[in-house]
Amino acid sequence: MKGEQEDEFDHKTGPPVDYSFRELRKMSDIARATPRDGPHPYVTIPVELPEQVTAPSVTPSGQRNDNADTGQAQKKYVKYCSKALRLSNNLLSSFDGFSKALQAVVDSPDTLEWIDLSFNDLTNISEALVQYKMVKVLYLHANVIDDMRQIDKLAALPNLKTLTLHGNMIDNAKGYRQYVITKIPQLQYLDFSRVTRADRDKAGTWLKLKIIGRGKKKKMVKTDE
């Protein structure tokens, strides 16, 4: 039965594609990396590259097929069927190339519902991120976002229910939690804590009284690599 439905796979079966702890520095590095093995096997689809393409645009499966006739090693490429993506614990500092990278490794990136970008070096929230309208869970904690106004962009994610931002510079700003709740009213969880009716009432009061502020930014010390 499973084999008969293989061609009609609806992208719900695949486990999260895990690129955490891969020392990724740029989004383009994702297409060159191999995701970590997990408790469940990945669901993949093969991808055929044009003969003239020399650089990989999709992630390698890690399998090689030595062709005795041509004397060339042929590498198979695949895309992963999943609605969840882990990019945590890397060295990512920019969203440049984010959409292209996702297109290269995920079969249907527009269906992503869960994205983990925690423990990176991201300083902002990019428009490239908010184009994925199906996202319900977004982890951005432990980055270096220092401007509360960056949160405003997340209002463009209508299905966003769970968000983490703690560990960024903004979480020390006055009215931080209230600010996030007013900007993204559909949130159910913020920083792993349920958004209660009392939270919403307080956020509404703070907004009316204009108490919510951006606070002082912490100074960032830049070091030469």
Side-chain angles (χ1 to χ4, degrees), residues 16-20 24 27 82-99 101-102 109-221:
V17 185
D18 189 357
Y19 287 98
S20 61
L24 307 177
M27 293 298 178
S82 179
K83 290 190 176 185
L85 180 67
R86 286 194 180 108
L87 294 170
S88 60
N89 293 278
N90 283 295
L91 303 167
L92 300 168
S93 60
S94 169
F95 279 94
D96 291 348
F98 182 67
S99 298
L102 265 56
D110 290 341
T111 67
L112 283 171
E113 297 181 357
W114 191 92
I115 300 177
D116 184 357
L117 283 159
S118 62
F119 292 97
N120 277 287
D121 298 319
L122 298 168
T123 60
N124 72 310
I125 296 171
S126 172
E127 298 293 343
L129 177 60
V130 300
Q131 69 176 298
Y132 299 99
K133 304 299 185 183
M134 300 300 292
V135 169
K136 297 178 181 179
V137 178
L138 178 61
Y139 291 165
L140 288 168
H141 57 277
N143 277 282
V144 288
I145 300 170
D146 65 352
D147 187 347
M148 289 265 276
R149 291 171 295 184
Q150 292 294 316
I151 297 169
D152 299 3
K153 301 174 185 178
L154 297 179
L157 294 175
N159 296 296
L160 186 61
K161 303 298 182 184
T162 299
L163 173 67
T164 61
L165 288 163
H166 61 281
N168 284 277
M169 298 179 182
I170 55 175
D171 73 354
N172 284 324
K174 186 177 182 180
Y176 153 75
R177 186 173 177 84
Q178 289 74 31
Y179 186 90
V180 177
I181 292 171
T182 58
K183 291 297 178 180
I184 316 171
Q186 73 271 25
L187 274 186
Q188 296 178 359
Y189 290 89
L190 174 60
D191 296 337
F192 300 118
S193 176
R194 179 179 286 278
V195 177
T196 64
R197 179 175 295 181
D199 286 330
R200 298 189 191 281
D201 291 343
K202 185 176 181 179
T205 300
W206 279 46
L207 184 62
K208 290 178 182 178
L209 296 176
K210 299 182 180 179
I211 298 176
I212 297 175
R214 297 190 177 91
K216 294 182 179 180
K217 297 180 182 178
K218 296 178 183 177
K219 291 184 178 180
M220 297 176 59
V221 178

Check your understanding: Tell me, do L112 and L102 make a side-chain contact under 4.5 Å, heavy atoms counted?
Key -> yes

Practice item. Sequence neighbours left out, what passes ring pair (Phe, Tyr, Trp, His ring centres under 6.0 Å) with Y189? Give chain and number order. Key: none

Check your understanding: Are V130 and E127 close enough that some pair of their side-chain heavy atoms sits under 4.5 Å apart?
Key -> yes

**Study point:** side chain to side chain donor-acceptor pair (under 3.5 Å) against Q131, all qualifying residues, sequence neighbours excluded
**Key:** S99

Review point. With sequence neighbours excluded, what pairs up with N89 under the side-chain contact (heavy atoms from CB on, under 4.5 Å) test?
Key: F21, F119

Review point. Listed by chain and number, what are the side-chain contact (heavy atoms from CB on, under 4.5 Å) partners of D121, not counting sequence neighbours?
Key: L91, S93

**Study point:** Any I184 side-chain heavy atom under 4.5 Å of I151 side chain
**Key:** yes

Study note, to complete from the structure: When every non-hydrogen atom of N143 is compared with those of L140, the smallest separation belongs to ND2-O, 3.0 Å

Review point. Are side-chain heavy atoms of L187 and L160 found at a separation under 4.5 Å?
Key: yes

Exercise for review: Return the set of residues passing salt bridge (charged side-chain N to carboxylate O under 4.0 Å, His left out) with D199 (not counting sequence neighbours), or none when no residue passes.
Suggested key: R177

Exercise for review: Would you please name every residue forming a side chain to side chain donor-acceptor pair (under 3.5 Å) with K161, sequence neighbours left out?
Suggested key: none

Exercise for review: Not counting sequence neighbours, which residues clear ring pair (Phe, Tyr, Trp, His ring centres under 6.0 Å) with F95? List them please.
Suggested key: F98

Check your understanding: What residues form a side-chain contact (heavy atoms from CB on, under 4.5 Å) with D191, not counting sequence neighbours?
Key -> T164, L165, H166, Y176

Review point. Taking only residues two or more places apart in sequence or in another chain, which ones pass side-chain contact (heavy atoms from CB on, under 4.5 Å) with S118?
Key: S88, D116, Y139, H141

